[in-house]
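Have a look at the structure below before the remarks.
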Amino acid sequence: MNSDRIVGNSVPRKEGRDKVTGRSQYVDDMVLPNMLFGATVRSQIPRGRIKKITFGPGVSWDEFVIVSAEDIPGKNCISLIEDDQPCLASEFVNHPEEPILLLAHPNRYLLSKAVEAVSVEYDPLPAIFTIEESERRAEIIWGEDNIFKTYLIEKGDVDGVWEKAAYIVEGEYTTGAQEQLYIENNGMIATFDGTQGITVWGSLQCPYYVHNALMALCNLPAEKVRVVQKETGGAFGGKEEYPSMIAAHAALLAIKSGKPVKIIYDRMEDMAATTKRHPSRTRQRTAVSRDGKILGGEIEFTIDGGAYATLSSVVLSRGAIHAGGPYHWPSVRIRAKAVATNAPPHGAFRGFGAPQSLFAMERHMDRIAQTVGLSPVEIRRRNFLQLGQTTTTEQVVREPISLGKLLDRALDASDYHSKKQRFANHNESDTTRKGMGIAAFLHGAGFTGSGERYLSSVVGVEGCADGSVRVLVSSTEFGQGTNTVLSQIAAEALSLPYENVSMVQPDTQQVPNSGPTVASRTVMVVGKLVQSAALGIKQTLISSNLLSESYTAEEFRAACQHYVSEHGQFRSWSRYEAPDGIFWDDQKYRGEAYAAFAWAVYIAEVTVDLTTYGVSVDDFVALQEVGRVLHPLLARGQIIGGVAQGIGFSLYEKVVWQNGRMQNGQMTNYIMPTSADLPPIRVFFEELGNIYGVYGAKGIGELPMDGPAPAIVNAVEDALGIHFDSVPLLPEDIMDGLVSQFSDGGVGSRGGTR
Amino acid sequence: MTHSREGCAKAEISFTVNGELKTAHAYPMERLLDVLRQQLQLTGTKEGCGEGECGSCSVLMDGILVNSCLVPVLQAQGSTIVTIEGLATGETLHVLQEAFLDCGGAQCGICTPGMILASAHLLNGKPEPTIEEIREGLSGNLCRCTGYSQIIEAVAEAARRRTIA
Ligand code: FES
Ligand code: FES
């Protein structure tokens with residue numbers, strides 16, 4: 001392979017061969033001698049005081065290891081941002097499925113019966129289940145006011161804008177919970193011994209989150225806690241924080257029993273008990289000029305965080321910063337709020353708040369277009385952010401992005417204008433209605449504001465005794481291609497063949513903390529550190545006179561071998577430093593929110609069947625500017641996969657709640673798209689490059705989740721001429737919409753005419 | 001899903017797995033999936049749902065694609081089973097495995113063994129499937145990562161390579 005052409009090429013993925021041969025080791029594939037299996041007794045009610053726990057008949061309880069909150073050596077909480085979530089409820093429960101007791105037994109098939117035989121008596125307390133109930137504060141279930149966090153973003157003089165407006169456009173938009181539905185359920189194995197401490201192996205995204213939680217829970221120093229990531233069968237944010245809980249449970253059982261303990265959730269437990277995407281409500285009130293320009297507005301963004309704070313404040317932050325979309329707001333006030341309800345805590349899911357607030361923004365743009373009498377294309381064109389303008393947090397757009405050009409290219413690719421014309425005719429006569437919908441959006445890569453500075457990630461690159469190179473990061477692979485792309489970057493930096501670079505398995509005893517694998521930060525932020533650590537290796541070899549400036553792979557190998565034999569372990573470290581000129585004010589929520597934004601225009605084409613009320617997506621164009629694409633095959637795979645999840649979010653995936661508990665926690669009744677449900681998803685990249693990211697790359701993983709829901713619902717409105725302001729949008733919602741339109745005297749054939 | 005083990009004895013069940021005759025001692029209602037994974041250490045077969053919905057436990061039984069989480073092991077008595085571990089010949093990958101690698105058909109990889117076996121089953125019946133036939137043929141296997149496009153492309157590519165070969 002030509003060594004300067006590694007980045008930008010679709011090299012074979014590092015762990016690909018093991019995955020297609022079934023050799024990859026996921027946590028449930030791992031067996032330790034004398035291993036027990038663990039299970040969790042969970043709350044049956046949404047809120048109350050635990051009165052009594054009885055171990056029922058028919059179970060040989062003396063064979064079981066039983067752990068309660070009293071067995072916790074350290075602090076009874078899963079440390080993250082606020083220490084409010086217990087590892088095991090001791091007195092009060094605050095949501096259904098809250099863990100109360102743990103059981104372990106050598107025979108995994110005896111556990112479910114034992115769990116059922118434990119009966120917990122409660123004094124129930126009144127519970128609340130919706131954003132509105134939480135806001136009314138009839139019950140205070142968290143803190144003093146049920147509010148986990150608020151943010152206020154203010155720019156310009158919003159109050160003075162209303163009188164100048166030709167139109168004031170208002171709307172309220174909601175999105176539902178969504179289950180990540182990684183195909184591999186959550187699982188962990190823990191061992192404990194007095195000298196080594198705790199070791200856990202598991203399916204997880206963030207080894208150091210788990211490490212941190214276990215130190216506090218078990219009251220152990222850092223070196224007595226070891227966390228190893230096993231091959232992870234999908235995550236999507238769903239394995240960001242909850243794995244700390246499962247690791248904690250496995251660890252407690254291992255400490256008490258002195259044996260290895262494996263906990264593997266079944267599908268129903270995973271769906272009912274672990275985190276989902278935050279349900280949201282967004283209110284938009286916008287002042288618009290006669291020619292369709294946004295003058296200013298107020299956006300109120302509220303998310304339901306469930307019973308404990310977990311990551312809600314961070315999800316809220318990202319949602320709030322993205323709430324204004326890729327548009328120029330001369331003035332804006334964004335009020336964001338995360339509230340508590342008695343549901344299991346909602347958590348990270350690809351997009352992290354942005355899909356929620358961008359759904360509202362992009363639906364609202366179509367509403368503005370109608371009010372002003374412009375097309376969805378024109379209204380966007382007139383309001384797009386331009387070079388030199390500022391975002392809602394007053395971050396200056398410094399890259400020469402042309403959203404108008406992206407829009408043109410997407411319109412072309414989707415054959416938008418001629419299809420609109422054809423559909424107008426079609427919709428006059430047929431029993432189906434067709435429509436086209438647009439979503440334009442942006443997604444910030446990396447942690448928000450000062451987040452990356454606080455994280456202060458560290459990356460290592462090692463020159464090995466055999467002359468090969470290894471990358472040491474805690475950044476995890478769960479399908480996105482972390483191993484492959486980080487290896488490409490190291491190989492490129494060292495001018496070595498890709499095959500000469502390998503990844504060290506994420507293991508807190510082996511790898512430094514390169515931060516969590518979230519927020520589309522791995523390639524852009526961690527990748528940059530890998531590059532500089534790799535260059536450190538090269539520099540050392542050159543300055544030791546073992547290597548000249550230009551060298552062959554063989555010369556590098558010899559130099560590296562020589563260095564290790566002389567000096568021993570040969571590692572180069574690199575720590576994150578904020579780029580110059582990045583300013584962020586955490587108090588005012590103002591400044592450079594992200595080191596880079598990716599930009600996109602997505603266009604959906606749908607058909608609505610007027611007899612079944614089903615919506616099918618017939619074509620989907622996903623056009624984005626993500627900086628330089630380092631691995632085209634993986635990048636395209638990320639976009640298609642994200643769009644597919646977005647289509648699920650829009651049209652299929654509805655969590656049915658009853659008293660805070662998910663009622664449809666099975667794949668038979670929580671429906672995700674199959675191969676027969678999806679359209680061709682056509683992916684296009686526009687490459688501008690990015691001044692901060694490694695080799696010009698920006699983040700990519702979350703972006704594709706943001707666009708599908710508004711594009712699809714906009715297309716449904718285009719087809720039917722009916723406003724729908726919520727996702728998921730199911731056939732029964734379409735039917736209700738058509739029925740009420742009919743009773744209002746509409747005919748449902750307005751579509752395609754605007 | 002679990003099955004009661006009480007009140008019935010383990011039986012000796014023999015079948016051919018990936019070309020080798022195997023004997024398992026298992027309760028008749030034990031799931032084929034568990035016997036493969038736990039007794040025969042063939043952990044390439046995955047469990048995603050335990051109720052016949054996701055297809056990640058797919059194996060070929062006498063040439064038919066089955067969800068091994070729904071098959072009581074007794075039913076496998078005397079049968080011929082192929083799991084993901086049986087597709088490659090030594091270090092030479094099966095044409096589908098190669099195509100999945102080349103086309104990006106595997107991301108997290110957890111659905112991949114089942115998906116590849118479902119694809120093998122599809123190609124056995126229809127050596128030159130259309131894209132629509134592939135979409136339909138794989139619709140019993142869920143993948144949350146890929147959005148299926150690159151899987152479908154992999155199957156089409158494997159079919160193409162096979163006809164050329
Ligand atoms: S595990 Fe068998 S179909 Fe899902
Ligand atoms: S590759 Fe992850 S579920 Fe298919």
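Lettering of chains follows the sequences in order, A, B, ..., and the numbering in each one begins at 1. Atoms considered below: every heavy atom in the structure, side chains included; atoms not considered: hydrogens, waters and symmetry mates.
- For the pair A:R13 and A:E15, the salt-bridge criterion is met [side-chain N within less than 4.0 Å of a carboxylate O].
- A:T517 and A:T522 share no donor-acceptor pair across their side chains, judged by distance under 3.5 Å alone.
- Listed by chain and residue number, A:E653 satisfy the salt bridge (charged side-chain N to carboxylate O under 4.0 Å, His left out) test with B:R144 (two or more places apart in sequence, or in another chain).
- The greatest number of non-hydrogen atom pairs below 4.5 Å with chain B, out of A:G642, A:S10, A:A644, A:A676, is found for A:A676.
- Here A:A114 pairs with A:V59, A:W61, A:F64, A:L103 under the side chain to side chain contact (heavy atoms under 4.5 Å, CB included) rule; sequence neighbours left out.
- Annotation for B:Q77: atom CD counts as buried by contact number, over 12 foreign heavy atoms lying within 6.0 Å.
- Between A:F649 and A:P355 there is a side-chain heavy-atom pair separated by less than 4.5 Å.
- Checked by atom type, the side-chain pair A:Q666/B:E53 shows no donor-acceptor distance below 3.5 Å.
- Annotation: the span from A:Q178 atom CD to A:L181 atom CG amounts to 9.0 Å, rounded to 0.5 Å.
- Proximity to chain A involves both the backbone and the side chain of B:L142, based on heavy atoms less than 4.5 angstrom apart.
- For the residue pair B:N18/B:T83, the side-chain donor-acceptor check at 3.5 Å is satisfied.
- The pair B:K126-B:E128 fails the salt-bridge criterion, with no side-chain N (NZ, NE, NH1 or NH2) lying under 4.0 Å from an Asp/Glu carboxylate O.
- Comparing A:Q638, A:M672, A:M271 by heavy-atom pairs within less than 4.5 Å of chain B, the highest count is held by A:M672.
- A salt bridge between A:K230 and A:D29 is absent, with no side-chain N of the basic residue lying under 4.0 Å from a carboxylate O of the acidic one.
- Side-chain contact of A:E184 with A:S203: a donor-acceptor pair under 3.5 Å is present, judged by distance alone.
- Ranked by non-hydrogen atom pairs under 4.5 Å with chain A, the options B:P113, B:G44, B:C108 are led by B:C108.
- Within residues 94-107 of chain B, the residues having any heavy atom under 4.5 Å from a heavy atom of chain A are, by residue number, B:Q97, B:F100, B:L101, B:D102, B:C103, B:G104, B:A106, B:Q107.
- Taking the six-membered ring wherever Trp is involved, the centroid distance between the rings of A:F236 and A:Y182 does not fall below 6.0 Å.
- Neither the backbone nor the side chain of B:E133 comes within less than 4.5 Å of any heavy atom of chain A.
- Contact count versus chain B (heavy atoms, under 4.5 Å) is highest, among A:S675, A:G479, A:G16, for A:S675.
- Options B:C54, B:G147, B:G86, B:C111 differ in how many heavy-atom pairs under 4.5 Å they form with chain A, and the most are formed by B:G147.
- Side-chain atoms of A:Y652 and A:T674, non-hydrogen and from C-beta on, never get closer than 4.5 Å to each other.
- Contacts of B:Q41 with chain A are absent, with no heavy-atom separation under 4.5 Å from either backbone or side chain.
- The shortest distance between side-chain heavy atoms of A:V643 and A:I639 falls below 4.5 Å.
- With chain A as the partner, the residue from B:R37, B:Q38, B:E85 showing the most heavy-atom pairs under 4.5 Å is B:R37.
- Only the side chain of A:N185 comes within less than 4.5 Å of a heavy atom of chain B; its backbone N, CA, C and O stay farther away.
- Between B:R31 and B:E47, at least one side-chain N (NZ, or NE/NH1/NH2) sits under 4.0 Å from a carboxylate O, which counts as a salt bridge.
- The part of A:P679 that comes within reach of chain B is its backbone (N, CA, C, O), which places non-hydrogen atoms under 4.5 angstrom from that chain.
- Of the listed residues (A:I681, A:D18, A:I183), the greatest number of heavy-atom pairs within a distance under 4.5 Å of chain B belongs to A:I183.
- Inspection of the B:D34 and A:Y109 side chains reveals an N or O donor paired with an N or O acceptor under 3.5 Å.
- Under a 4.0 Å N-O distance rule, the pair B:R160/B:E157 qualifies as a salt bridge.
- Looking at B:T146, the atoms closer than 4.5 Å to chain A (heavy atoms on both sides) all sit in the backbone: N, CA, C or O.
- Residue contact with chain B, scored on non-hydrogen atoms closer than 4.5 Å, involves the backbone and the side chain of A:D28 alike.
- Heavy atoms closer than 4.5 Å to chain B are found in both the backbone and the side chain of A:T668.
- Heavy-atom proximity under 4.5 angstrom to chain B picks out A:K19, A:V20, A:T21, A:G22, A:R23, A:S24, A:Q25, A:Y26 from residues 19-26 of chain A.
- Counting heavy-atom pairs under 4.5 Å between each of A:E477, A:R17, A:Q180 and chain B puts A:R17 at the top.
- Most heavy-atom pairs under 4.5 Å with chain B, from the set A:E231, A:R636, A:Q480: that is A:R636.
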